[in-house]
Amino acid sequence: MRSDGILGTRDAEDRSKWLKRKEIWLVVLGVILHAVYMLSIFDIYFKTPIVHGVDLVTPRFTAPAKRLVLLVADGLRADKFYEPDSEGNYRAPFLRSIIKTQGRWGVSHARPPTESRPGHVAIIAGFYEDPSAVTKGWKANPVEFDSVFNRSQHTISFGSPDIVPIFCGALQHSTWNSYPHEFEDFATDASFLDMWSLDQFRSLLNRSNEDSKLKELLQMDNLVVFLHLLGCDSNGHAHRPFSSIYLNNVKVVDHVAESVYNLVEDYFKDNRTAYIFTADHGMSDKGSHGDGHPSNTDTPLVAWGAGVKYPRPVSSSNHSDSGFRFVDDHVHDSPTPTEWGLHGIERVDVNQADIAPLMSTLLGLPCPVNSVGSLPLDYINMSKAEEVEAVLANTKEILNQFLRKSYIKQSHSLYFKPFKPLSHYSSMLDKIEDLILSKEYVAAMDLSQNLRSLALQGLHYFQTYDWLMLMSVITLGYVGWMLYLVLHVLQSYTSLPGNIFGVEQAVQRNHHRKIYLYGCVVTAMLSLLLLLEHSPPLYHMYMIMTSFSWVQIFSEYQFINSLWKHLSGRKVNILIKLLATTAFSVFILEFLVNSFTERKLYTVCFLIAGVAASIYLLKSIPWKSGIPIYVWIACWFLSVFTLMPAEIPDNNQLVVGSGAVIIIIGIAARWLDLHAGRRKYWLSICNRELKSPRTSPLFYTQVLLVALSSVMVYLSTSHRTEKQELLALHQLVNWSVAGISMVLPLFSENSILSRLTSIFLGFAPPFLLLSIGYEAVFYAALALVLMAWILFENTLLILNIVNKSSDPIRNATNNSIILGHGNRPLQLSDVRIPLVFMVLFNIAFFGTGNFASIASFEISSVYRFITIFSPFLMAALLIFKLFIPFMLVICAFSAITKLNKVPRLGCYFLVILFSDVMTIHFFFLVRNKGSWMEIGNSISHFGIMSAQVVFVLLLFALTNLYTKDLHCNSAVPSARKAN
């Protein structure tokens, strides 16, 4: 019986054109919907903390210091700063002497994302940027915010072009300079960048002796000097934080601090300068940062000078808040490592945002209006009365932010729910003032700190005020989108009986018009409600996308009703099979969700898959074919990689050796293509056009390029390590080899094995040149498993033909125009293809590390192409390296859809459906409490799955260049002969 789907009596060609238009629209809708919903987590969990219109709080105490010097050693780890070297000598002798004789010390706890911009914003402005700010640009402020520099009379700054302009570029009362980007060369020792900042400051002081205006400027009150020292960060990326170059840079930083101290004291001679030395973030062992690992969040803090307390010995009464936890989830009063040699001196840890109110208090300035830092009293040398006034000023500033947010939300809400614990904040302020007047400073201090804590809780309350409403809308939106995808696949790619679709076109059209009209009315009412509440534009987008999805579902009411009747009349075993397939699919998807946090699950998966697939094949085909043993070995080989460390250790020899392994695999595949084509289980994928065993010049060229890339891996790395530079000739050869090799597969023979072998060899050179360790071997192992998948599907196809004694193409004749030339409708058993694709796609993600973590991208991977710091080009190369394994997976996926003669786009929609099941799970797993490492990873997990609809589509389009002309030999004649 002919099935016309939802198009009634349209003929096949009209249906085909209509289907193409609908699917273009559906893909566009999916991209927009996922892009909009991906942003929702920042409205739900991480709304920007910045609020404008907050009143300043003028401090009522005398400024302890006239000027302040801030030294920030970018990328300096706390342990590398405090611990001794292998000979027992400490790397920062000057600052250690300060700790022991003049100032205070501790660990400043940073909050992920541990990147340069968020870290400096926390130090200088006192608030933590929401994670989305990292994506808004490093060189300009996406949102204007207040800072200590803004409040100063004048700010002098020297350092990196990526940091200094953020805070001083638009600041009228500032004097600043930065070096060119070309100075940031990862092939050299970057400690000279720190000396550059020191030399600039020294030169400024020398010029002031001849420039009266400059001298007058330097004598101002509330002067801030900021030196950004990038050396440790660049050397950590290039050489790792345990390298001699990085550790020597710690000594350079100490020298800079000592030199600046001597210069300032000799110049001003008034003992009115306060000094703060810290870092924006640390550095992981593999030379990266971004996540919440202690090596990234723990940074040194040393303060001394005017207004700073002198060191004091540790005593049991020093700290009473032993239960306090910092923003990186580290416990207050965590033990000081013995090797630091500072266990007898009191350590005062702070949150990174606490440094801003500390600097403001030392200079007697109002705290930045967006600061959420708490003043660390153990650093301030003031009288009890002044301490209370300082804490009260800090409290009032945070309270003013709360009041401003409360006012904005109340003025925009039709039904406002206030934060009840602060309903009587004014009486609390009055009581504090009375206690200060009566000189009951301890009670006043306790009440001020309690009010500050409540104000911070109130800020959090309004940060998540719309949480429930947004969560409900987004959840309904995802569910609606997934249901609509299911309906589309059932209507367009399956062979359901025609009576399901037997609905008159005119009736359907009239029904659709009513549904769309009602949908528009409901959406308009909801948008009006949001408009009256002055909701952000994105809130309207969330509501519109959700309403639109459900309107589309309701418009298919008649099809859903017919489908329900159809299923109700089927046999029980059909329904059981459907439920079992659904349960198995959910099990696989939940397995993939858990694999994001536990990579070792893939080891278990491929060990079991190797055994199960091999046993199944051994029962079905002769073991002499070699296919069952090959599938077993390939799966077990790939299972090894998820047991290896996520932080890939450098192993240049292994990368070079991987080139040889890739060449051997390529030669073996070519031999099989030439000699195995007449065997039943190889017939469909081999090139039968080759009558004689010959090897094309193209194959020789590709093998040569793989060998050349292996040689260049050795030469480039060796020369860069020895000479600390990347030769222009090496750079030219590397770029040329990578570029040429990726074009060659387009000219290869179009049989499945020939083309996939050429693609494998074509992407090997760029992947080898971007590899630093065992991931090069992983590339070969992944290719072997993909070939095993193709052989398994090919065997299943042949067995099905033999068992049914029929040509599957015959059943697809009526649908060939609609589904594509020679394609058959999707069946329930075809669900295995997108499910296996999902597993292999994710193993390509996690096979060589945890790519859901920001810090997992190893920047040294790009050093054979570029060493001059260029964030966008380096990021592009890292992402390209990540995409190469995906390219192999999708090429194999395309080959399998052609082999099974199923519509590739129908399978793509199933992949997106399965991805969205995982996406909605990760949506509920996004966290804004607990360990910030977990919070950062939860955002990454959700973002990765949300983006799959886009980059899987892009990769499908890109791989289509290589696979669109794939030719699959028919397995039918051979299978019939065997039958």
Side-chain angles (χ1 to χ4, degrees), residues 599 602-603 606 633-646 648-670 702-703 705-714 717 734 737-738 741-742 744-745 755-790 839-851 856-858 860-862 864-865 877-893 895 955 958-959 962:
R599 293 169 59 237
Y602 286 111
T603 299
F606 280 95
I633 294 173
C635 289
W636 279 34
F637 183 30
L638 187 64
S639 71
V640 172
F641 290 90
T642 45
L643 294 175
M644 294 183 180
I648 303 171
D650 287 356
N651 193 329
N652 204 37
Q653 290 75 20
L654 186 59
V655 178
V656 174
S658 300
V661 173
I662 289 169
I663 291 173
I664 293 170
I665 293 173
I667 292 172
R670 184 64 181 178
Q702 290 192 289
V703 169
L705 288 175
V706 175
L708 180 58
S709 64
S710 297
V711 173
M712 291 309 300
V713 164
Y714 176 77
T717 306
N734 292 342
V737 169
S741 66
M742 291 185 292
L744 295 181
R755 179 58 59 84
L756 293 184
T757 301
S758 185
I759 292 170
F760 169 65
L761 293 175
F763 282 95
F767 195 80
L768 288 172
L769 290 167
L770 288 167
S771 297
I772 62 169
Y774 70 80
E775 77 269 37
V777 188
F778 171 79
Y779 178 81
L782 179 64
L784 293 175
V785 167
L786 292 175
M787 193 65 236
W789 183 28
I790 293 172
V839 173
L840 291 171
F841 198 80
N842 280 274
I843 192 69
F845 235 179
F846 297 106
T848 58
N850 176 20
F851 286 107
S856 293
F857 294 96
E858 181 49 66
S860 63
S861 298
V862 307
R864 299 185 188 105
F865 291 96
L877 286 170
L878 288 170
I879 293 172
F880 174 66
K881 176 189 175 183
L882 182 65
F883 275 17
I884 288 176
F886 297 160
M887 297 283 286
L888 294 187
V889 175
I890 292 179
C891 285
F893 177 76
L955 289 172
L958 185 59
T959 55
Y962 296 96

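In what follows, every heavy atom counts, from backbone to side chain, and hydrogens, waters and symmetry copies are set aside. The first residue of the sequence shown is numbered 1, and numbering continues consecutively from there.
- Counting heavy atoms from C-beta outward, Leu756 and Ile790 have side chains that approach closer than 4.5 Å.
- Phe893 meets the ring-ring contact (aromatic ring centres under 6.0 Å, His included) test with Phe837, Phe956; sequence neighbours excluded.
- Here the side chains of Leu888 and Leu840 are not in contact, with every heavy-atom distance at 4.5 Å or above.
- In this structure, the side chains of Leu882 and Phe845 come closer than 4.5 Å at one or more pairs of heavy atoms.
- Annotation for Ile662 and Ala780: closest pair CG1-CB, 4.2 Å, computed over non-hydrogen atoms.
- Between Met887 and Ile759 there is no side-chain heavy-atom pair separated by less than 4.5 Å.
- Counting heavy atoms from C-beta on, the side chains of Val655 and Asn651 never come closer than 4.5 Å.
- Judged purely by atom type and a 3.5 angstrom limit, Glu775 uses its side chain to pair as donor or acceptor with the backbone of Gly773.
- The two residues Val737 and Ser709 come nearest to each other via the heavy atoms CG1-CB, 4.2 Å.
- In summary, the aromatic rings of Phe637 and Phe606 are positioned with their centroids too far apart to meet the 6.0 Å limit.
- In terms of heavy atoms, Leu761 sits closest to Gly666 at CD2-CA, 4.2 Å.
- Under a 3.5 Å cut-off, the side chain of Thr717 and the backbone N or O of Tyr714 do not form any donor-acceptor pair.
- Of all heavy-atom pairs between Ala738 and Ser741, the closest is O-OG, 3.1 Å.
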Pairs under 3.5 angstrom only: tabulate donor-acceptor contacts from the side chains of residues 764-771 to other protein residues two or more places apart or in another chain.
from: Ser771; atom 1: OG; to: Phe767; atom 2: O; distance (Å): 2.5

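- The backbone N or O of Arg755 sits nowhere less than 3.5 Å from a side-chain atom of Ser758 that would complete a donor-acceptor pair.
- For Thr603, the side-chain hydrogen bond (donor to acceptor under 3.5 Å, both in side chains) partners are Thr642, not counting sequence neighbours.
- Contact of the Ile843 side chain with the Phe641 side chain is not registered, since no non-hydrogen atoms from C-beta on lie closer than 4.5 Å.
- You'll find the ring centres of Phe880 and Phe865 outside the 6.0 Å limit.
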